[in-house]
Amino acid sequence: MHYNNFNAAVYMPAWVASYITYEKLAYDYDFLEKYIGLDKVYLETHRDGKTVDKEQLLMIKNFLESNGVTVSGGITFTLPDHEGEEAMKRIFNNVCYTDPKMRARVKEITEYTASFFDEIILDDFYFTSCTCPNCISLKGDRDWASFRRALMKEVSEDLVVGPAKSINPNVKMVIKYPNWRESYHFSGYLPDIQQDIFDASYIGTETRSPKYADQHLPEYLSYSIIRYMDNAWPGRNGGGWFDTYSCWSADRYLEQAYLTALAKTPELTLFQWSDLIDNYFTGGMGIEFKKLDFIAGHTGQPTGIPVYIPYSSSGENHLEMRLGMCGFPMDPTPIFPAGDKTILLTESASDDKDIVDKLSDFVINGGEAVITSGFLRKCQEQLAQKGLTEANVTSRKILVSRYQLTASDSGFIDGCDPIIFSEILHYNNVSWSLVNGGDKDYHTPILLMSLYGKGKIYIINVPDNQSDIYDLPIEVMTQLKKIFNPDDFSSGKDYSVFTYDDGSFVFYRYVKEPLRPSRVKLYTSKEVSVLLDVISGDMIEAREEIIKEDYTETRYRVADITLEPGRYRWLQWK
């Protein structure tokens with residue numbers, strides 16, 4: 001291993017493996033070894049109907065292993081139509097898993113690959129969206145999600161994992177899940193079921209260009225989706241995987257690596273082999289891997305605000321990632337976090353049919369739950385029936401250009417860029433608005449609080465355009481952070497903070513306009529004297545600051561830091 005805390009891996013797809021010569025392989029290896037340090041290669045046997053022949057596979061495998069590189073197998077289950085048969089309309093040539101010929105081919109490819117490798121990873125085309133007449137007939141009265149759930153369970157057991165282990169009982173079968181988590185259940189990805197079938201998982205951390213990529217993925221996904229899979233399959237998520245596509249600057253490419261590594265994953269896979277050769281992105285990666293390896297070895301386990309996102313759920317997709325890009329440390333999980341002090345429920349949580357009962361039990365016993373306007377809209381009748389909150393979302397919209405922090409005498413913010421919010425109605429003094437947003441002489445709650453049992457429910461009003469979250473005033477953003485953790489929070493936005501259970505934390509400022517340094521204030525209630533920059537050794541003296549709200553005074557220790565675009569800072573209170 002070139003690194004102490006993770007492997008550096010590269011994926012070689014079948015279209016490269018089929019044609020690469022020994023001389024080119026040696027040249028490429030020298031380049032990758034020099035710039036990133038090559039620990040492992042996933043050597044793909046099949047993609048798009050092309051299977052790499054035995055002699056070629058063995059040439060590549062033997063060369064790499066002779067240079068100390070671990071070689072595992074890879075498969076992409078994409079197949080063109082059969083010659084002479086009616087074309088099937090399939091996205092990306094994904095397999096129709098009800099077609100007998102395609103099913104036989106999947107089994108054949110799996111057995112072929114298992115004869116060479118003791119570990120096989122499935123690229124994230126292992127899904128189905130086929131709606132051919134045969135699939136429609138077999139679906140019957142079920143919805144597509146239910147049909148594909150049953151189909152892909154059977155395929156995983158009978159066509160992939162079972163056949164692979166019959167050929168090679170020692171083979172480790174790894175399923176790579178894509179970055180589009182909100183669509184898993186519509187396409188046959190079943191992490192809740194497949195955890196009992198596959199030996200390990202992997203996850204795509206590609207975020208590319210958030211503005212123009214078709215998947216609408218905020219950059220923070222490269223961190224949060226690792227945490228989601230770590231919580232879903234504890235100790236069995238093998239790593240994160242990202243590529244160069246639509247990364248139109250080295251900073252954008254490297255951000256994927258930073259966030260993947262800061263999630264403390266055991267392996268980082270770079271896709272794909274030929275894209276990395278003679279690419280200046282690769283040189284920068286090697287420099288950063290060494291720094292990230294050191295941080296990974298000297299920080300604890302990741303922590304954050306538990307965000308409950310059940311299996312097979314969708315709604316307000318990626319909202320927690322946008323909050324993560326504004327300085328909220330997020331820790332998404334498919335398991336309801338009953339033992340935590342404060343949790344976040346977005347609209348996705350409403351897909352759990354028992355969620356209101358779980359929420360009631362959590363809050364009545366002293367928990368503090370933050371729910372979004374999307375969750376409220378879906379569950380408001382059940383919430384009212386339980387007596388958890390009388391608030392409800394109407395069909396009306398408010399164009400907000402001013403804000404008021406109601407607990408602060410100086411909490412008036414006027415002249416802001418307009419943002420569209422849903423109107424939330426509530427009964428005065430039954431619940432209380434901590435932040436209002438309005439225009440002219442009308443307003444709606446942006447942050448609402450209700451009391452229940454020993455605990456509290458907070459409601460965050462989410463803008464119609466989620467990305468307008470980034471334009472909320474800093475004072476509003478800071479107030480939202482305080483409800484999640486009043487003992488440790490930071491001001492500002494356009495950055496992420498990654499927290500660890502040893503008390504250390506890493507700040508990263510995204511490469512976004514305006515491209516200039518920004519100042520952030522860190523608040524803690526701990527008895528500390530300095531803020532240590534672990535990498536540089538600089539010590540920033542902490543000062544005392546008193547925050548007055550609702551006739552109470554809270555004393556904090558405060559330090560100011562500067563964040564530069566594309567740079568991360570590893571910090572600790574001392």
Side-chain angles (χ1 to χ4, degrees), residues 3-6 201 203 205 220-240 258-268 291-309 320-321 323-344 362 366-370 481-490 495-508 520 522-535 540 542 556-557 559 561 568-574:
Y3 307 98
N4 294 319
N5 300 286
F6 54 77
S201 65
I203 194 72
T205 59
Y220 191 78
L221 173 139
S222 296
Y223 175 87
S224 65
I225 202 162
I226 290 278
R227 295 299 307 137
Y228 185 81
M229 285 310 302
D230 281 349
N231 288 322
W233 292 29
R236 295 171 59 203
N237 183 45
Y258 299 158
L259 274 63
T260 302
L262 290 171
K264 307 294 283 283
T265 191
E267 188 169 278
L268 284 77
K291 299 177 186 176
L292 293 166
D293 183 42
F294 184 77
I295 293 175
H298 293 82
T299 51
Q301 291 303 306
T303 61
I305 301 161
V307 189
Y308 178 45
I309 302 174
E320 78 285 355
M321 300 175 193
L323 292 172
M325 294 183 65
C326 295
F328 297 77
M330 295 280 120
D331 198 40
T333 174
I335 311 302
F336 185 81
D340 286 87
K341 171 62 177 173
T342 305
I343 63 173
L344 173 62
F362 178 80
E368 297 189 359
V370 182
K481 291 175 186 176
K482 285 170 59 181
I483 67 171
F484 285 107
N485 188 353
D487 295 321
D488 284 282
F489 59 92
S490 54
Y495 66 86
S496 289
V497 57
F498 310 100
T499 57
Y500 302 90
D501 63 6
D502 65 340
S504 60
F505 42 93
V506 177
F507 276 76
Y508 176 70
V520 173
L522 278 65
Y523 296 81
T524 184
S525 60
K526 300 182 180 76
E527 291 296 325
V528 296
S529 57
V530 296
L531 181 67
L532 171 66
D533 187 314
V534 182
I535 295 176
I540 304 164
Y556 288 100
R557 302 298 288 173
I561 62 171
Y568 46 84
R569 297 189 69 174
W570 175 16
L571 305 165
Q572 284 183 335
W573 288 109
K574 295 288 185 180

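Small disclaimer: the values here were computed from a predicted structure and weren't measured. What's counted below: heavy atoms across the whole structure, side chains too, no hydrogens, waters or symmetry copies.
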| message | Check this for me: does any side-chain nitrogen of one of Asp488 and Lys526 sit under 4.0 Å from a carboxylate oxygen of the other? | response |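 Here Asp488 pairs with Lys526 in a salt bridge, since their nearest N and O are under 4.0 Å apart.
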
Are the side chains of [Y] and [X] in contact, using a 4.5 Å heavy-atom criterion?
X	Y	value
Lys574	Leu531	no
Val497	Leu522	no
Asp230	Thr265	no
Leu532	Leu571	no
Val530	Ile540	no
Glu320	Ile309	yes

| request: Anything under 30° is parallel, anything over 60° is perpendicular, the rest tilted; go ahead and classify Tyr523 against Tyr556. | output: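 Perpendicular: the ring planes of Tyr523 and Tyr556 meet at over 60°.
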
| request: Hey, can you tell me if Phe507 and Tyr495 have their rings parallel, tilted or perpendicular (30° and 60° cut-offs)? | output: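 Plane angle between 30° and 60°, so tilted.
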
| message | Run the ring-ring contact (aromatic ring centres under 6.0 Å, His included) test on Phe498 and Tyr508 for me, step by step, so that the C-alpha distance in whole Å, both residues' side-chain angles and the decisive distance to 0.1 Å come before the verdict. | response | CA-CA 8 Å; Phe498 310 100; Tyr508 176 70; 7.5 Å; no

| Any luck finding a side-chain donor-acceptor pair between Thr260 and Thr205 under 3.5 Å? |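 Note: Thr260 and Thr205 side chains meet the donor-acceptor criterion.
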
| query | Is it the case that Ser201 and Asn237 place a side-chain donor and acceptor less than 3.5 Å from each other? | reply |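 Yes.
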
Considering non-hydrogen atoms only, spot the tightest contact between [X] and [Y] and give its length.
X	Y	answer
Met229	Ile203	CG-CD1, 3.5 Å
Thr299	Trp570	CG2-NE1, 3.5 Å
Ala263	Pro302	O-CG, 3.8 Å
Phe6	Tyr3	O-CB, 3.3 Å
Trp573	Arg557	CH2-O, 4.0 Å
Thr499	Gly304	OG1-N, 4.0 Å

| field | Arg569: partners by side-chain hydrogen bond (donor to acceptor under 3.5 Å, both in side chains), with sequence neighbours left out | value |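 Here the qualifying residues are Asp533.
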
Indicate every side-chain donor-acceptor pair of residues 325-344 with a distance under 3.5 Å to a residue at least two apart or in another chain.
from   : atom 1 : to     : atom 2 : distance (Å)
Asp331 : OD1    : Arg227 : NE     : 2.8
Asp331 : OD1    : Arg227 : NH2    : 3.2
Thr333 : OG1    : Ile335 : N      : 3.1
Thr333 : OG1    : Ile335 : O      : 3.4
Lys341 : NZ     : Gly366 : O      : 3.1

| Phe489 and Lys482: CA distance, side-chain angles, deciding distance, side-chain contact (heavy atoms from CB on, under 4.5 Å) verdict | CA-CA 6 Å; Phe489 59 92; Lys482 285 170 59 181; 3.4 Å; yes

| said: To the nearest 0.5 Å, what is the distance between OG on Ser224 and CG on Leu259? | reply: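 Here the interatomic distance stands at 8.5 Å.
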
| request: Can you measure from CG (Asn485) to OG (Ser525) and round to the nearest 0.5 angstrom? | output: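 It is 8.0 Å, given to the nearest 0.5 Å.
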
| said: Taking the six-membered ring for Trp, are Tyr500 and Phe505 closer than 6.0 Å centroid to centroid? | reply: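 That pair fails the under 6.0 Å test.
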
| task | Answer yes if the ring centres of Tyr258 and Tyr568 are under 6.0 angstrom apart, and no otherwise. | result |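 When the ring centroids of Tyr258 and Tyr568 are compared, they turn out to be within the sub-6.0 Å range.
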
| message | Looking at Asn4, is its backbone amide N or carbonyl O close enough to the side chain of Asp293 to form a donor-acceptor pair, meaning the two atoms are under 3.5 Å apart? | response |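 Yes, Asp293 side chain to Asn4 backbone: donor-acceptor pair under 3.5 Å.
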
